[in-house]
Asks: 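Take this structure, written in structure tokens, and hold onto it; I'll ask about it next.
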Amino acid sequence: MSESKAEQVEMSQTEMSQGSSLTAAIILAAGESTRMKSATPKVLHTLGGKTLLHRVMTSVEGLNPVTTAVVVRFEGERVAQAASSYTPDAIIVKQDDIPGTGRAVQCALASISSRLEAQQGPVLIIASDMPLLDTETLQALTNAHKEQGNAATVLTTTLANPFGYGRIIRDESGHVQRIVEQKDANTAERDVKEVNTSVYVFEPSVLLKATQNLDADNAQKEFYLTDALETARQFGAVGAYEAPDSELAEGINDRVQLAHLASLHNKRVCERWMRDGVTILDPSTTWIDDDVVLARDVEVLPGSFLQGKTRVEEGAVVGPYTTLIDAHIEAGAHVERSRVQETHIGEKANIGPWTYLRPGNELAANTKAGAFVEMKKAHIDEGSKVPHLSYVGDAHIAEHTNVGGGTITANYDGTNKHHTEIGANVHVGAGNLFVAPVTVGSGVTTGAGSVVRHDVEDNAMVYSENSQHAVENWTPHATADASNNNEERK
Ligand code: UD1
Ligand code: MG
């Protein structure tokens, strides 16, 4: 290849990559969420462990827009705060009292129009109630917009049940003539199955002109952004790009749709893990957040929720009926019918059934936390076991110690929390109470029912004096007169 040709190829690649970047992305998040019937704005409801807004903003950031603007109004402070946490340099725009998606874009343009002039490349507009839409589909829309040389392009999809969506009305040449909302559509228009997804790409100059004269002359008395497409026809072609995967392009307006999309998404997540070598006995009752990481030969049994940044290593078994939140489960461990949060479970440890591990525990390899055991900030060293009905909080138990059933570390004096230290190879009798702060040495044995208030030396045996009282021939429910038989004998 000659040098100049090589240069040309290089040039066109640079142009392509420059061309693929957007001048701006306008994210609409100001709606009132009426149909959610919630104090929480719709875009802050979650799916797969992330808010709808977070998902949309992540997909948009994949296109690397020069400017990102997020339009807020309903619960605006909360939405703005969330948006800034996802994309710190996003420009937050407040929508005024005039409702509608068209008004939202007008408000955004008032803030960023000077930035549009300075750049080349189209502007993306996207609703934030379509949580499954991915960067690839947005990229394909942008590419189609450029290839077709359009003034504006709308992302559409075809749905068996298009109820609630704006319908795409095309002209004879296949271009988009207009979009008609469900509430404004006549019977013939309602029969159209191709719908508006609320994602658009506009040439900046067209967008500025087409949104100038919107009005609220419609059933909802709102400024519709969809009307801008009809106007855009005056400035060039208005095209449509049909999303290849209609499930990814569905929107959420109420909680029925939220549940529907959450389960579609979860099914895809489970299928991905199964293809990667994870056994999931019942994907319909197994919920896995996006950021969870599972190794091969992990087995997840029904009714399990794997949330946050949970990691499960090779061959571990989770479930049935288990919730893991930001937990790290090492290889070969088994967690059954339990809740585990911000806790590290070592190799081949055994947790459950019915164990409640609150944040801050470190359980080493071959440890056990059994039925009805609660732990918080407990460090349990290798091979130690807390098998039954116990509370271990703010405590360190060294290796190969066994804790008898019904044992409590009394860590709270009403004002402060205190630490319990139990050494290695200790045999803690049943029903012990460790009144913290207290330290028990290694090799200690404690008698059943001991109340350990003072430190215990290595290799000691400690027990508490509990006097036993017996009343012979006890008559239950005896009256005062008839109770003569109930004589106490020590
Ligand atoms: C909108 C489209 C409809 C499309 C559907 C796809 C219009 C007029 N209709 O209807 O054609 O089929 O999305 O899901 O655009 N928003 C604001 N400010 C507002 C109102 C809404 O920022 O004043 C935001 C919302 O927060 C939301 C998005 O715009 O993220 C869409 O609003 P929504 O009320 O859900 O519109 P739809 O009725 O679904
Ligand atoms: Mg919507």
Side-chain angles (χ1 to χ4, degrees), residues 19 22-28 60 63 65-67 69 71 93 95 98-117 119-127 130 137-157 165-182 184-185 189 192 194-218 220 222-243 249 251:
L22 296 166
T23 290
I26 300 174
I27 297 169
L28 310 181
V60 169
L63 295 186
V66 180
T67 297
V71 188
V93 176
Q95 187 174 340
I98 299 172
T101 48
R103 185 60 178 180
V105 172
Q106 285 178 336
C107 293
L109 291 176
S111 281
I112 64 165
S113 58
S114 60
R115 290 166 179 254
L116 301 191
E117 285 153 21
Q119 300 285 336
Q120 286 192 332
V123 177
L124 174 80
I125 300 172
I126 183 168
M130 35 196 336
T137 308
L138 293 177
Q139 182 70 68
L141 166 69
T142 312
N143 293 347
H145 172 80
K146 283 185 200 140
E147 280 157 23
Q148 294 169 18
N150 290 337
T153 311
V154 54
L155 181 71
T156 69
T157 196
Y165 287 85
R167 309 299 205 281
I168 302 290
I169 311 298
R170 296 195 188 231
D171 63 19
E172 316 77 56
S173 63
H175 286 113
V176 175
Q177 197 169 20
R178 62 198 183 91
I179 297 174
V180 55
E181 291 303 296
Q182 171 81 34
D184 300 301
E189 289 164 340
V192 173
E194 187 184 11
V195 302
N196 170 26
T197 63
S198 255
V199 186
Y200 319 81
V201 176
F202 278 86
E203 288 307 304
S205 59
V206 174
L207 180 63
L208 287 164
K209 286 182 272 187
T211 50
Q212 253 165 29
N213 295 316
L214 299 174
D215 60 41
D217 186 14
N218 53 56
Q220 300 184 80
E222 290 182 355
F223 280 32
Y224 287 169
L225 176 58
T226 45
D227 290 348
L229 281 185
E230 203 173 341
T231 313
R233 284 164 63 92
Q234 296 167 19
F235 311 109
V238 175
Y241 171 74
E242 193 166 349

Asks: For the atom pair CD (Q148) and CG (N143), what is the distance rounded to the nearest 0.5 Å?
Replies: 10.5 Å
Asks: Going through the distances and angles, do E222 and N218 end up as a side chain to side chain donor-acceptor pair (under 3.5 Å)?
Replies: CA-CA 7 Å; E222 290 182 355; N218 53 56; over 6 Å; no
Asks: With a 4.0 Å cut-off on N to O distance, would you call R233 and D171 a salt bridge?
Replies: yes
Asks: What distance separates I168 CD1 from N196 CG, expressed to the nearest 0.5 Å?
Replies: 5.0 Å
Asks: Any idea which heavy atoms bring H175 and A237 closest together, and the distance?
Replies: NE2-CB, 3.9 Å
Asks: Which residues pass the side chain to side chain donor-acceptor pair (under 3.5 Å) test with Q220, not counting sequence neighbours?
Replies: Y224
Asks: Evaluate I126 against V60 for side chain to side chain contact (heavy atoms under 4.5 Å, CB included), listing each step before the verdict.
Replies: CA-CA 9 Å; I126 183 168; V60 169; 3.8 Å; yes
Asks: Please report the closest heavy-atom contact between A232 and A152, naming both atoms and the distance.
Replies: CB-CB, 4.2 Å
Asks: Using the rule given for side chain to side chain contact (heavy atoms under 4.5 Å, CB included), can you reason through R178 versus T226, listing the C-alpha separation, both sets of side-chain angles and the distance that settles it, and then say yes or no?
Replies: CA-CA 7 Å; R178 62 198 183 91; T226 45; over 6 Å; no
Asks: Work out which heavy atom in D215 is nearest to a heavy atom in D217; give both atom names and the distance.
Replies: OD1-N, 3.0 Å
Asks: For E194 and T156, does a side-chain donor sit closer than 3.5 Å to a side-chain acceptor?
Replies: yes
Asks: Considering only heavy atoms from C-beta outward, does the side chain of T67 approach that of V123 to under 4.5 Å?
Replies: no
Asks: List for me each residue that meets salt bridge (charged side-chain N to carboxylate O under 4.0 Å, His left out) alongside E181, sequence neighbours excluded, and say none if there are none.
Replies: none
Asks: Against F202, only a single residue in L229, N150, T23, V154 fulfils side chain to side chain contact (heavy atoms under 4.5 Å, CB included); can you say which?
Replies: L229
Asks: Is there a donor-acceptor pair under 3.5 Å between the side chain of Q95 and the backbone N or O of R103?
Replies: no
Asks: For Q182, which residues count as a side-chain contact (heavy atoms from CB on, under 4.5 Å) partner, sequence neighbours excluded?
Replies: F163, R167, R190
Asks: Run Q106 and F223 through side chain to side chain contact (heavy atoms under 4.5 Å, CB included) and show every step you take.
Replies: CA-CA 10 Å; Q106 285 178 336; F223 280 32; 3.5 Å; yes
Asks: Measure the CD-CD1 distance between Q177 and I169 for me, rounded to the nearest 0.5 Å.
Replies: 8.0 Å
Asks: Closest heavy-atom contact between A210 and A228?
Replies: CB-O, 3.4 Å
Asks: Under a 4.0 Å threshold between the charged nitrogen and the carboxylate oxygen, would K209 count as salt-bridged to E203?
Replies: no
Asks: What pair of heavy atoms forms the shortest contact from A240 to R170, and how long is it?
Replies: CB-NH2, 3.5 Å
Asks: Going by heavy atoms in the side chains, are I27 and V71 under 4.5 Å from each other?
Replies: no
Asks: Within the 4.5 Å heavy-atom criterion, are I125 and L28 side-chain neighbours or not?
Replies: yes
Asks: Side chains of Y200 and L124: closer than 4.5 Å at any heavy-atom pair?
Replies: no
Asks: With the side chain counted from C-beta on, respond yes when V66 and R115 share a heavy-atom pair under 4.5 Å apart, and no when they do not.
Replies: no
Asks: I need the T197 OG1 to L155 CG distance, nearest 0.5 Å.
Replies: 3.5 Å
Asks: With rounding to the nearest 0.5 Å, note down the distance linking OG1 in T142 to CG in L138.
Replies: 6.5 Å
Asks: Could you check whether any side-chain heavy atom of P122 comes within less than 4.5 Å of a side-chain heavy atom of K146, counting everything from C-beta outward?
Replies: yes
Asks: Using a 4.5 Å cut-off on heavy atoms from C-beta on, say whether the side chain of L214 contacts that of V105.
Replies: no
Asks: Any heavy-atom pair between the side chains of Q139 and T137 that's under 4.5 Å?
Replies: no
Asks: Would you compute the distance between atom CD1 of I179 and atom OG of S198 and round it to the nearest 0.5 angstrom?
Replies: 8.0 Å
Asks: At their closest point, which heavy atom of C107 faces which heavy atom of V93, and how far apart are they?
Replies: O-CG1, 3.5 Å
